[in-house]
Protein chains: 2
Amino acid sequence: MAAKRSGAPSKRSLRTRPQPVLEPTGEPPLSRERIVATAVELLDAQGLDGLTMRGLAERLGSGVMSLYWHVDNKEDVFDLALDSVLEYRGPPQMAESQDWRADIVHMLEDWRASMLRHSWSASLLPRRALGSNILSRLELLSKTLSKAGVADTDLNVAIWSLWNYVMGATITRASFDLSDDDMAAAQQRLTGERYTTIERSRLLLDNDWDGAFRKGLDFLLDGLAPR
Amino acid sequence: MAAKRSGAPSKRSLRTRPQPVLEPTGEPPLSRERIVATAVELLDAQGLDGLTMRGLAERLGSGVMSLYWHVDNKEDVFDLALDSVLEYRGPPQMAESQDWRADIVHMLEDWRASMLRHSWSASLLPRRALGSNILSRLELLSKTLSKAGVADTDLNVAIWSLWNYVMGATITRASFDLSDDDMAAAQQRLTGERYTTIERSRLLLDNDWDGAFRKGLDFLLDGLAPR
DNA sequence: ACCTGAACACCGTTCAAGT
DNA sequence: ACCTGAACACCGTTCAAGT
């Protein structure tokens, strides 16, 4: 699945070389790491559309085209920023755990929380190649589901179901979150006879996102691996 | 939830007026409807990034700025194109149905199919205001879940869980679908010792998307409304 | 090995004007 | 009521060049 980025090596040599003398007063030299870190800052502050190569260069105190020596193009910046945000340290004492279900819930809530910390990341993830950090998360999820008793033949379906649920929930939350006022306005517009049921249940005003995520996840896990 | 677009009336008068004489040989006059229909064509052909106001105008045989009399801005075009693609006619004989679960599956599969017919639409939906067609779908879903025995207190959680699942599945499918070759390449890269489990289960090569969607949906429905 | 500015081919939208 | 072109303030990236 996915993988828009080929494995082709970048122009940059992969070997390290003797550091040139640092000027202690000026900006540190450009590097892939600095570019990625700054891109994440910019994305956090301005959103997906707010990241421009020109803006990024300005923030780094360099010329625009200098970036292109460290990075293939803007898509490359997106890929690197995305993967950098998806690192996972794992649950406290994974190895000895016996409560597989709690482990799974922990993993998925951490995954969701990581993406919500960077609201642009969720909607980017399905569009890009799967980086190593997200693959590690899927690998761990897979191992844990297996231990939890999900049959091998159901494993891929289980993983993709959880993926779908987490991604849908997180993309939605990160997108809708932008304006509570608008949610109220939308709920307002439901008044009348066309949307009686969802008006009565106050569907668009229900803003316990964390609780709803957890409850829906429990329902799904009940279906996947009945206790 | 959502609603970036205010209810403010557009510049365009809402009343109809006597038709000017049509030139049978030339293009029909510009109209909101023509603009939206052409935008959908363009989006289908070129994707989200492929829609430009200039390209749209050219395809309509008009000047770029002529569009702005019928439409507020580019975001408006997205909103209108999105809603136009989400119409729902309803299941064959909804009124007399007794099989609520089958009705729900039908509704959600139709929703997904509508979005997959226009691969740009799924990723756009969570980012935009909820239009009348998607609200109608949610209203019908809500009514049906109620009849299926979902408690009122669980109703919103059930709706959002299904929303999350459908949106996650459809966005993912529409995005990953772009290249089967790349999926194979990604699976290839799993070789080694880091991703043993998902490599063995061939997670990234499992391309029975329709079947996986249906199976996962069944699991979720089992959790939501046990038979 | 690393960085740069000029230039190209694009964008969405404002504005003042035409019919 | 409807349409228009010129202009503005942007984009990402190629290229040929600098150190």
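Residue numbers begin at 1 in each chain, while the letters A, B, ... track the order of the sequences. None of the values given here were measured: they were computed from a predicted structure.
Between A:Arg117 and A:Asp44 there is no salt bridge, since no side-chain N of the basic residue sits under 4.0 Å from a carboxylate O of the acidic one.
For B:His70 and D:dC3, the shortest distance from a side-chain N or O to OP1 or OP2 is below 4.0 Å.
Comparing atom distances between the A:Tyr68 side chain and each of D:dG12, C:dT13, C:dT4 picks out D:dG12 as nearest. Proximity note for A:Asn73 (side chain, C-beta onward) versus D:dT4, C:dC3, D:dT13: the nearest is D:dT13. The side chain of B:Trp69 approaches D:dC3 more closely than any other nucleotide in the set D:dC3, D:dT13, D:dT4. Set against C:dC2, C:dG12, C:dA6, the side chain of B:Thr52 has C:dG12 as its closest nucleotide.
Partner assigned to C:dC15 is D:dG5, using Watson-Crick or G-U wobble distances below 3.5 angstrom.
Taking atom NZ of residue A:Lys74 and atom C1' of nucleotide C:dC10, one finds them 14 Å apart after rounding to whole Å. Taking atom CD1 of B:Ile35 as the reference point, atom P of C:dG12 lies 14 Å away to the nearest angstrom. In this structure, CE of A:Met53 is placed 9 Å from C1' of D:dT13, rounded to the nearest angstrom. In this structure, CG of A:Leu60 is placed 15 Å from C1' of C:dC2, rounded to the nearest angstrom. In this structure, B:Leu42 atom CG and C:dG12 atom C1' are separated by 15 Å, rounded to whole Å. Atom-to-atom, CG of A:Leu48 to P of D:dG12 comes out at 13 Å; the value is rounded to the nearest Å. Between the CG atom of A:Leu30 and the C1' atom of D:dT19 there is a distance of 15 Å, given to the nearest Å. Rounded to whole Å, atom P of D:dT13 lies 12 Å from atom CG of A:Leu56.
Side-chain contact of B:Thr196 with A:Glu139: a donor-acceptor pair under 3.5 Å is present, judged by distance alone. A donor-acceptor pair shorter than 3.5 Å can be found between the side chains of B:Arg194 and A:Ser136. At a cut-off of 3.5 Å, with distance as the only test, a side-chain donor of B:Asn156 or A:Ser201 sits close to an acceptor on the other residue.
Mapping A:Arg54 and A:Leu67 onto DNA chain C by nearest heavy atom places A:Leu67 at the nucleotide closer to the 5' end.
Of the inter-residue distances, the one linking B:Leu43 atom CG with B:Phe78 atom CZ reads 6.0 Å to the nearest 0.5 angstrom.
For D:dC2 and C:dA16, the P atoms lie 22 Å apart once the distance is rounded to whole Å.
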